[in-house]
Amino acid sequence: MSQHGFRRWLSRYRYYEIRDPVRELFLFRKRLWLTGLTMLLVFGVLLGRFFYLQVIAHQQYQTQAENNRIAVVPVGPSRGTISDREGTVLAQSFSAYTLELTPSRIDDLEATLAQLGELIEITPRDLRRFRRAMEESRNFDSLPLRTKLSDEEVARFAVYKYRFPGVDIRARLYRQYPYGETASHVLGYIGRLNDRDVEQLTESGDILNYKGTDHIGKTGIELSHESTLHGVVGFDEVEVDALGRAVRSLTRVPPIPGDHLQLTIDLRLQQLAEQALGDSNGAVVAIDPNNGEILAMASMPGYDPNLFVEGIDMVSWERLNTSPDKPLLNRPLRGAYPPGSTIKPFLALAALTSGKRTADYAFNDPGYFELPSGAGNTYRFRDDKVGGHGRVDMATSIVQSCDTYYYVLASETDIDETARFLSQFGFGQKTGIDLDGEAVGVLPSRAWKRERFSGPRYRDEHRRWYLGDSISAGIGQGYNSFTPLQLAYAAATLANNGISYHPHLVKRIVDGTTGQMKEMQPQEAHRLDLKPAHLAVIRKAMIDVNREGTAARIFKGAPYTSAGKTGTAQVFSLRGERYVESQVKGHLRDHAWFIAYAPAEKPTIAVAVLVENGGFGARAAAPVARALFDYYLTGARPATTAKPDDNSGNWDE
């Protein structure tokens, strides 16, 4: 045997000698156990996870699965209608088809808009409104591009819908104001929810009730009674596929429609008030003094609230917002003006109540009142009538509107005492009307002046009350500044013998589901402690204003007895000079006022009329009241309510 072969034999022999079957079996069994334990551990983990998913977390994952399968779609409620006292609809909701886009689901928005424009007419105004809505909304909101689609347009889009992911046709509720500008400041308008609205709704806890709703009341009744008109949101549970497309409807919780509001406004009287003001800027407020119901509340110029429903375009907004006529200003509620001579009956009543004057006290009116101004000089406050009114008592001071009488009275009366008395009639106070945003106005007093001029830029002499301040305030000028609503409220209180009711616009609320009516009860505000004899003096004098005084020409031949007071309020100080209307620019001319009530024996209507820069109250404002009284008391609607064309200047206030 060769050496190489011997070595091969020897190595084979040694191999058989080294093998250990027992040890190898032990190792094999050990590996088998380890493998089995590993597999058992793995299956144990899987079984535990299975138990957790199927038993412990069953409800959680079942809910998630259902949520993936079911989409909850909020359904906005139908907004309640608004009608006048006779049931004529002034604001209503209607359903219309809308072309809507969800920007987050559209890859190329501009290309999609261009392609949609080839299919359906889309105006530049539609595009501007859509882009503004994008700025105010979240990217995943569905935003309207075109509203009020015709059936033909809906059908045309349905054919090509597959080409437009993220674009849908939806039925939405829209607000409509059938009478356009009529009572626009009373009704207000609705607009799209913005960030500020969302923040306020979140703070109040009402945000969930606005899911599925895009609009909210912004002004007027729409704002102040938003919670009543809006209703309660509903929802649909819809089964969807993996792509989020609706497969079938599962359950539905219907929305609860908003309640309907029936206002105290008389639509025909409202229209007449607006027509009577014509092209003039001004305000009219008519109240039933027996319960505080607002019969008419006109502010001219007005605006069309329909412009705001779908989002007002920039051209219209600029025109409304920058117009010098301020069509968005609610003049009866927020416009504050010096009352002029309309305040005289209340000052006379204050003098009777305090004992400063008796009804018979009289003096000779020289046509002016002189106030010493230092260094031997005097400041002359002029009456409107050159040479004066002759012998003047309290009744004459009202009937002929004698300024000198009230210059003298104011010089002898403490301003704080006057302010306390006038505040009882609502001057310088909120009347409590059921509208948001009422202005307070200014009822001057020493405390008011100190606060008004309390800043570091003012000195002590600015804060001091002077006798000249009292004299100007004594004829409704100076710091006096009241709203037309406050003047109407005061006139109604006087007409009702010192009993006043909070003015209100809602007569009844009608449940949007059941139709059940809830009457709004009059809320008494004050019951003034006034002597009947004192009231009789003032009321008799106001009747004579319309019989033989400053408004006699306007009320001549009226088939009823009325009481009134004219007023002319300066827009700027004359500094002792005589006012000549023809020499004054239009926007600086005097404001025309008239307050009145009728029938004088048992009043059912009280009014305040303001015509901005209208001049004499008898010429510009009293004819408006006459037209309202004629219609409300006799049913006679005048063919025209134009102001008398007598510009001769032969008019008292």
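Everything quoted here is computed from the prediction, not taken from an experiment.
Using modelled atom types, no side-chain atom of Thr634 and backbone atom of Tyr631 make a donor-acceptor pair closer than 3.5 Å. Judged by distance alone, the side chain of Asp126 and the main-chain N or O of Thr123 form a donor-acceptor pair under 3.5 Å. Judged purely by atom type and a 3.5 angstrom limit, Gln486 uses its side chain to pair as donor or acceptor with the backbone of Val440. In this structure, the side chain of Asn496 does not engage the main chain of Ser500 through any donor-acceptor pair within 3.5 Å. Judged purely by atom type and a 3.5 angstrom limit, Asp259 uses its side chain to pair as donor or acceptor with the backbone of Gly512. Using a distance-only test at 3.5 Å, with no hydrogens or angles considered, no donor-acceptor pair links the side chain of Glu274 to the main chain of Met300. Put simply, the side chain of Asn209 gets close to the backbone of Gly231: a donor and an acceptor are under 3.5 Å apart. Using modelled atom types, one side-chain atom of Asn290 and one backbone atom of Pro603 make a donor-acceptor pair closer than 3.5 Å. Listed for the Thr202 side chain is no donor-acceptor partner under 3.5 Å among the backbone atoms of Ile207. Under a 3.5 Å cut-off, the side chain of Thr182 and the backbone N or O of Gln270 do not form any donor-acceptor pair.
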Show, in sequence, the C-alpha distance, side-chain angles and deciding distance for Lys507 and Glu293, and conclude whether the side chain to side chain contact (heavy atoms under 4.5 Å, CB included) test is met. CA-CA 8 Å; Lys507 186 174 182 66; Glu293 292 184 355; 2.9 Å; yes
With side chain to side chain donor-acceptor pair (under 3.5 Å) as the criterion, how do Thr81 and His260 come out once you've worked through the C-alpha distance, each side chain's angles and the decisive distance to 0.1 Å? CA-CA 5 Å; Thr81 61; His260 309 303; 3.1 Å; yes
Test Glu310 against Arg146 for salt bridge (charged side-chain N to carboxylate O under 4.0 Å, His left out), laying out the working first. CA-CA 10 Å; Glu310 300 175 29; Arg146 252 293 309 278; over 6 Å; no
Tell me, with the steps shown, if Thr98 and Thr147 meet side chain to side chain contact (heavy atoms under 4.5 Å, CB included). CA-CA 4 Å; Thr98 303; Thr147 59; 4.0 Å; yes
With salt bridge (charged side-chain N to carboxylate O under 4.0 Å, His left out) as the test, would you mind laying out the steps for Glu121 and Lys148 before giving the verdict? CA-CA 12 Å; Glu121 181 182 5; Lys148 303 175 186 176; over 6 Å; no
Side chain to side chain contact (heavy atoms under 4.5 Å, CB included) assessment of Phe130 paired with Ile122: CA-CA 11 Å; Phe130 174 76; Ile122 299 173; over 6 Å; no
Apply the test side chain to side chain contact (heavy atoms under 4.5 Å, CB included) to residues Leu261 and Leu505: give CA-CA distance (whole Å), side-chain angles for both, the deciding distance (0.1 Å), then the verdict. CA-CA 10 Å; Leu261 298 182; Leu505 283 157; over 6 Å; no
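A distance of 9.0 Å separates CG in Leu173 from OG1 in Thr213, rounded to the nearest 0.5 Å. In this structure, the separation between NE2 on His502 and CD1 on Ile433 is 11.5 Å, given to the nearest 0.5 Å. Rounding to the nearest 0.5 Å places CD1 of Ile605 at 10.0 Å from CD1 of Ile287. Rounded to the nearest 0.5 angstrom, Glu86 CD and Asp266 CG are separated by 6.5 Å. The OG atom of Ser95 sits 13.5 Å away from atom CZ of Arg170, with the distance rounded to the nearest 0.5 Å. To the nearest 0.5 Å, atoms CG (Leu229) and CD1 (Ile221) are separated by 8.0 Å.
Ring pair His185/Tyr303: centre-to-centre distance below 6.0 Å.
Leu277 and Val611 make their closest contact through CD2-CG2, 4.1 Å (heavy atoms, listed as atom of the first residue, atom of the second, distance). Scanning both residues, Ser184 and Gly302, for their nearest heavy atoms gives OG-CA, 3.9 Å. The two residues Gly180 and Pro305 have their closest heavy-atom pair at O-CD, 3.2 Å. For the residue pair Ala525 and Tyr489, the shortest heavy atom distance occurs at CB-OH, 3.3 Å. In terms of heavy atoms, His230 sits closest to Arg79 at CA-NH1, 4.2 Å. Ser423 and Gln429 make their closest contact through CB-NE2, 3.6 Å (heavy atoms, listed as atom of the first residue, atom of the second, distance).
Counting non-hydrogen atoms of other residues, nucleotides and ligands closer than 6.0 Å to CZ of Arg268 gives a total of 12 or fewer. Atom CZ of Phe43 sits in a sparse spot, with 12 or fewer heavy atoms from other residues, nucleotides or ligands closer than 6.0 Å. Within 6.0 Å of atom CD in Gln200, more than 12 heavy atoms from other residues, nucleotides or ligands are found, so the atom counts as buried in its surroundings. Within 6.0 Å of CD in Glu152 there are 12 or fewer heavy atoms belonging to other residues, nucleotides or ligands. Taking a 6.0 Å sphere around CZ of Phe164, one finds it holds more than 12 heavy atoms contributed by other residues, nucleotides or ligands.
Looking only at side-chain heavy atoms (C-beta outward), Ile106 and Val167 come within less than 4.5 Å of each other. Counting heavy atoms from C-beta outward, Asn281 and Lys326 have side chains that stay 4.5 Å or more apart. In this structure, Met297 and Asn330 have side chains that are in contact, with non-hydrogen atoms separated by less than 4.5 Å. In this structure the side chain of Gln271 reaches within 4.5 angstrom of the side chain of Tyr179, judged on heavy atoms. For the pair Leu633/Thr604, a side-chain contact is recorded, criterion being any heavy-atom separation below 4.5 Å from C-beta on. A heavy-atom distance below 4.5 Å is not found between the side chains of Pro77 and Val232. Annotation: side chain of Ile82 is not in contact with side chain of Tyr177 (no heavy-atom distance under 4.5 Å). At a threshold of 4.5 Å between non-hydrogen side-chain atoms, the residues Asp168 and Lys161 count as touching.
Ionic pairing of Glu222 and Arg175 is present here: one or more N-O contacts between side-chain nitrogen and carboxylate oxygen are shorter than 4.0 angstrom. Of the charged side-chain nitrogens involved, none lies within less than 4.0 Å of a carboxylate oxygen, so that Arg85 and Asp288 do not count as a salt-bridged pair. Using a 4.0 Å cut-off between charged nitrogen and carboxylate oxygen, Arg192 and Asp197 do not count as a salt-bridge pair.
Applying the salt bridge (Lys or Arg N to Asp or Glu O under 4.0 Å) test to every pair with at least one member in residues 429-442, sequence neighbours left out, gives no pairs at all. Every pair passing side-chain hydrogen bond (donor to acceptor under 3.5 Å, both in side chains) that includes a residue from residues 314-323 is listed here, sequence neighbours excluded: Asp313-Ser316.
Glu612 pairs by the side-chain hydrogen bond (donor to acceptor under 3.5 Å, both in side chains) definition with Arg331, Tyr337, not counting sequence neighbours.
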